[in-house]
Amino acid sequence: MTISQAAIAAVVLCVVADVPTAAAQAGRAGEHWVGTWATAVVPRLQGPPPAQGPAPINFNRQTLRQIVHTSIGGDRVRVVLSNAFGTAPLLVGAANVALRQKEAAIVPSSARALTFGGSASTTVAAGAIAVSDPVGLAVPAFADLAVDIFLPGDTGSSSSPLTTHSGALQTSYVSTPGNFSGATELPMPATMQSWFFLARVEVVAPEPVGVVVTLGDSITDGSLSTSDTNNRWPDHLAKRLMAQATAARAPQTAMMGVLNQGIAGNRVLAEGVGPSALARFDRDALVQSGVSHIVVLEGINDFGLGGPGGLGGLPPPTAAEVVAGLRQLIERAHAHGVKVIGGTMLPFEGTNLSVFPTYYSTDKDARRQAVNEWIRTGKAYDGFIDFDLALRDPSHPSQLLPQFKAIDNLHLNDAGYQAMANVVNLALLRR
């Protein structure tokens, strides 16, 4: 659905503010902070290249300019850096947030230096995060922000893992050596398709504004969608929610930030590509500012990556074991007053992953269908989204509809991710 700039402007401020005074940058009592963008982080090991997985990467006195795409807007913003998987402190020499103009260039008048407790630099303790001081910047909905982080040290001099999100499907940039935080142009940038040391971006919003966290695996992460186009299903959900807010008589009560907390390869029960959903639930879902709803779409990798040739040599769990794990997520969310919506797992017959040739079997599919039936009828969730019913081939229900399949028959193309968002009953996300 196309939303005019005029309609969006009616809901959020879209005029870049003047550089704020120090007093304006300080936190204000009673402000309602909500997430406008976030990502789920995993460790990236340093040292010799592993037999499998991404090769080590190193930053040495360089500036990272990382591009993120907002879901809702606001006129004050702060950034959360993460050293969640680091075993040593992370020194950040400078940081900046700005509106992206094109590629690695920023809108000069929008550059805002970030401080941490009033200091231009900060040290993020091992396993910790750092929340920047707020800055005045009118951030539009569906805008590209450039978050700069200058790393004055050499990450290769330590074995401390880097905290990252791989497969970002978004081009970000790495400078030549030097502090170029806030520079309009980044000198001779290299590119990357991962986010590093970046957890979330938050804005101040009216009190009624909520946040929906989409917790999942590669389907939520948008794997095999077109890079740099924001075609993940949570991106499309954000547009639908904004359209609803724009049309509402009381738009603030209908506005929702949408945070994508998908990790490709993630599982409910077992560690794999990053911590399990059970292990990461607090950090990736419950602590998100303004969270009111969580959509859980997990479990397919528990089955697909288990058994012979699977990840870690573990047998696939039973349907009852996956259900027990999902129940734990629901209970933990409800204890915090957060609603949880279950998503049925998509069909996956025909999956052709060369590294996991036994990903699909009829037995695994039977377990998937059993969990899906529990999601539909078990009444443990506050509601459900039947992705399976909407995207499966009626003539062959264990497979995706041909028009929505990506090349591996497991993931979706851009049209498929759009179709997923279209399935969501927005009434489920009312506060």
Side-chain angles (χ1 to χ4, degrees), residues 33 35-47 50 53-54 56-59 64 66 68 78-93 95 97 114 116-117 121-132 147-168 170 172 192-202 211 213-218 220-221 259-291 294 298 329 332-333 336:
W33 286 94
T36 184
W37 174 89
T39 193
V41 292
V42 300
R44 184 157 181 163
L45 300 179
Q46 297 294 80
I57 193 168
N58 180 45
F59 304 111
L64 313 185
Q66 304 185 81
V68 305
R78 66 187 182 189
V79 173
V80 179
L81 307 182
S82 178
N83 191 25
F85 296 99
T87 55
L90 173 71
L91 177 60
V92 176
V97 64
L114 296 175
F116 301 84
S121 63
T122 190
T123 298
V124 189
I129 62 171
V131 182
S132 79
V147 180
D148 293 349
I149 305 173
F150 170 55
L151 302 174
D154 178 4
T155 61
S157 65
S158 167
S159 61
S160 177
L162 308 186
T163 297
T164 184
H165 182 95
S166 302
Q170 174 64 61
S172 291
M192 59 184 181
Q193 289 272 325
S194 298
W195 291 300
F196 287 89
F197 309 116
L198 192 57
R200 56 188 187 266
V201 177
E202 301 176 346
V211 167
V213 172
T214 58
L215 186 87
D217 48 41
S218 55
T220 297
D221 209 13
L259 305 182
N260 189 329
Q261 296 294 77
I263 298 176
N266 200 233
R267 295 186 281 185
V268 175
L269 303 175
E271 182 176 359
V273 181
S276 68
L278 287 169
R280 69 187 183 95
F281 192 61
D282 286 25
R283 178 182 61 244
D284 289 347
L286 293 181
V287 304
Q288 300 297 330
S289 295
V291 59
I294 301 170
E298 288 253 26
L329 301 183
R332 288 160 64 183
H336 288 264

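Just so you know, these numbers use all the heavy atoms, side chains as well, and skip hydrogens, waters and symmetry mates.
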* Stepwise side chain to side chain donor-acceptor pair (under 3.5 Å) test for Asn58 and Asp154 -> CA-CA 7 Å; Asn58 180 45; Asp154 178 4; 3.1 Å; yes
* Asked: Hey, is the main chain of Ser166 close enough, under 3.5 Å, to the side chain of Arg44 for a donor-acceptor pair?
  -> no
* To do: Please check if the side chain of Thr164 supplies one atom and the backbone of Trp195 the other of a donor-acceptor pair under 3.5 Å.
  => yes
* To do: Mark yes or no: Arg200 above the aromatic ring of Trp37, with NZ or CZ under 6.0 Å from the six-membered ring centre and no more than 45 degrees from the axis.
  => no
* Whether Ser132 side chain and Leu114 backbone form a donor-acceptor pair below 3.5 Å -> no
* Asked: Just by distance, do the side chain of Glu271 and the backbone of Ser276 share a donor-acceptor pair under 3.5 Å?
  -> no
* Asked: What are the two closest heavy atoms between Ile57 and Thr155, and how far apart are they?
  -> O-OG1, 4.3 Å
* Give a yes or no on whether the backbone of Ala40 and the side-chain of Asn260 come within a donor-acceptor separation of less than 3.5 Å. => no
* Asked: Just by modelled atom types, is the Ile294 backbone N or O under 3.5 Å from a matching donor or acceptor in the Thr214 side chain?
  -> no
* Taking Ser160 for its side chain and Thr87 for its backbone only, find out whether a donor-acceptor pair lies under 3.5 Å. => yes
* To do: Indicate yes or no for a side-chain donor-acceptor contact from Asn266 to the backbone of Pro275 under 3.5 Å, with no hydrogens or angles considered.
  => yes
* Under 3.5 Å, side chain of Gln261 to main-chain N/O of Val213, donor-acceptor pair present? -> no
* Asked: Is there a donor-acceptor pair under 3.5 Å between the side chain of Gln193 and the backbone N or O of Ser172?
  -> no
* Which atom of Ala38 lies closest to which atom of Leu259, heavy atoms considered -> N-CD2, 3.8 Å
